[in-house]
There are 2 protein chains.
Amino acid sequence: MNDIHNVSTGCPAFPAVLERVFGFAASVQQYMEAGLAEHGLSRARATVVWLVHRGGPQTQRELARAIGVTARNVTALVDGLEESGFVRRTAHPEDRRALLVQLTDRGSAVTAGLAAEYERHSAYLFAGLPEEQVRQFVATMDTVMVRLAQVATATANR
Amino acid sequence: MNDIHNVSTGCPAFPAVLERVFGFAASVQQYMEAGLAEHGLSRARATVVWLVHRGGPQTQRELARAIGVTARNVTALVDGLEESGFVRRTAHPEDRRALLVQLTDRGSAVTAGLAAEYERHSAYLFAGLPEEQVRQFVATMDTVMVRLAQVATATANR
DNA sequence: GATACATTGTGTATGTCATTCACTATGTAT
DNA sequence: ATACATAGTGAATGACATACACAATGTATC
């Protein structure tokens, strides 16, 4: 069970589902990046801002692990965010090697504005759809995401 | 009607739907790019290969318009694809300025292999789900995509 | 305490993707 | 013949991401 190479073709009626999912994902990301760009943020930098907003001040190493990129890359991202005034580097109180990344006032304000904007758009995107349909949509996304992870680890250990 | 700034909050029960959609899109793209990378393709280059596979030999200008990037960028992408043996540039029969991009044998083979692989994975990803649920999932994606486009044009003309 | 090892951040170099601007060569219309 | 539009590319630039090397600091071990 749970084996990728032994499926009894559970869904033969949709040959191009995955292709449509790819298109959907591309559209979503394009929309997301457009919204971020209006506030002077890129996807990569917004990820950092969002994580700091969620988890509070963190070291660059923690951010690198959370995002799944190299520490060197986070250095560059924080460089840009610091220059554009979204975040600030502060000394870690216990570890003199580490630096804590925290939001500036402007960083917090932009984050709040973005969240509100997306909330507003979200209401429009799903407006009129039966609540049950939206619920099931989210559930299907979750199911597919879990299996995507399975496929990823399966092909990684090959 | 169809106005973004006048929604009667059709779906108040899901505060973080859009955030989950963002996460889903990111996972899908990550999965897609991992599959492409195994065959030596990046997302950008695979887009070119896919369009040529679908629409037959095309000029770089047509590809640029279809992808939505500058012609200069397509030049670079085709440079890479030519060097790695996926596509070939041929003279346009009527327009001596233009170059036709067409798949090599290797390009066609890799494309076919990728399509088969994604087909196989797709069956797994949606296995066990009621056909009606998958159908509605696709329908919801389509609805949201249409409204995403509306939001995009609305904010662009602001 | 000294030694060895691990961890944090960053300089340097490299590569992909994407843009703008300038330019040549070619097509097209007047 | 002249003017304009189009197709592709060189040069320069920038964001994102990597690998490798290195200094500074923390931690464990003898």
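Here the structure is a predicted model, which means the values were calculated and not measured. Proteins come first, then strands; the chains are lettered A, B, ... in the order of their sequence lines, and each starts at number 1.
- In the hydrophobic clustering of this structure, B/V144 groups with B/V138; members are Ile, Leu, Val, Met, Phe, Trp, Tyr whose side-chain heavy atoms approach within less than 4.5 Å, directly or through other members.
- Counting to the nearest Å, the P atom of C/dT8 and the CG atom of A/L63 are 12 Å from each other.
- Closest to the side chain of B/R45, from the set C/dT16, D/dC16, C/dG9, is C/dT16.
- The separation between B/R43 atom CZ and D/dA17 atom P is 12 Å, rounded to whole Å.
- If B/R89 and A/A44 are placed on DNA chain D by their nearest nucleotide, the residue sitting closer to the 5' end is B/R89.
- Rounded to whole Å, atom P of C/dG15 lies 17 Å from atom CG of B/L77.
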Worked check of side chain to side chain contact (heavy atoms under 4.5 Å, CB included) between B/S27 and B/Y31
CA-CA 6 Å; B/S27 293; B/Y31 156 76; over 6 Å; no

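- Closest to the side chain of A/S42, from the set C/dT8, D/dA7, D/dA15, is D/dA15.
- At the heavy-atom level, A/A71 lies under 4.0 Å from base atoms of the strands shown.
- Using bins of under 30°, 30° to 60° and over 60° for the plane-to-plane angle, the ring pair A/H121/A/Y118 lands in the perpendicular bin.
- When distances are taken from the side chain of B/V69 to each of C/dG9, C/dT19, D/dA7, the shortest belongs to C/dT19.
- Put simply, CD on B/E62 is 8 Å from P on D/dA7, counting in whole angstrom units.
- As a whole-Å value, the separation of A/E33 CD from D/dC16 C1' is 11 Å.
- Considering only heavy atoms from C-beta on, A/V21 comes within 4.5 Å of B/F24 through its side chain.
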Could you list the protein-to-nucleotides 19-28 of chain D atom pairs, N/O on both sides, closer than 3.5 Å?
{"unit_1": "D/dG26", "atom_1": "OP1", "unit_2": "A/R96", "atom_2": "N", "d": "2.9"}

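- The closest side-chain heavy-atom distance from A/V78 to A/Q60 is below 4.5 Å.
- Taking the centre and axis of the six-membered ring of A/F86, the NZ or CZ atom of A/R45 falls outside the cone set by 45° and 6.0 Å.
- The distance between atom CD of A/Q60 and atom P of D/dA17, rounded to the nearest whole Å, is 15 Å.
- Considering only heavy atoms from C-beta on, B/N73 comes within 4.5 Å of B/T70 through its side chain.
- B/H92 places its NE2 atom 15 Å from the P atom of D/dT6, with the value rounded to the nearest Å.
- The phosphate of C/dG9 (OP1 or OP2) has no side-chain N or O of A/T75 nearer than 4.0 angstrom.
- Neither OP1 nor OP2 of D/dC16 sits under 4.0 Å from any side-chain N or O of A/N73.
- Between A/R65 and C/dT8, a side-chain N or O to OP1/OP2 separation shorter than 4.0 Å is present.
- As rounded to whole Å, 13 Å separates atom C1' of D/dC16 from atom CG of A/L81.
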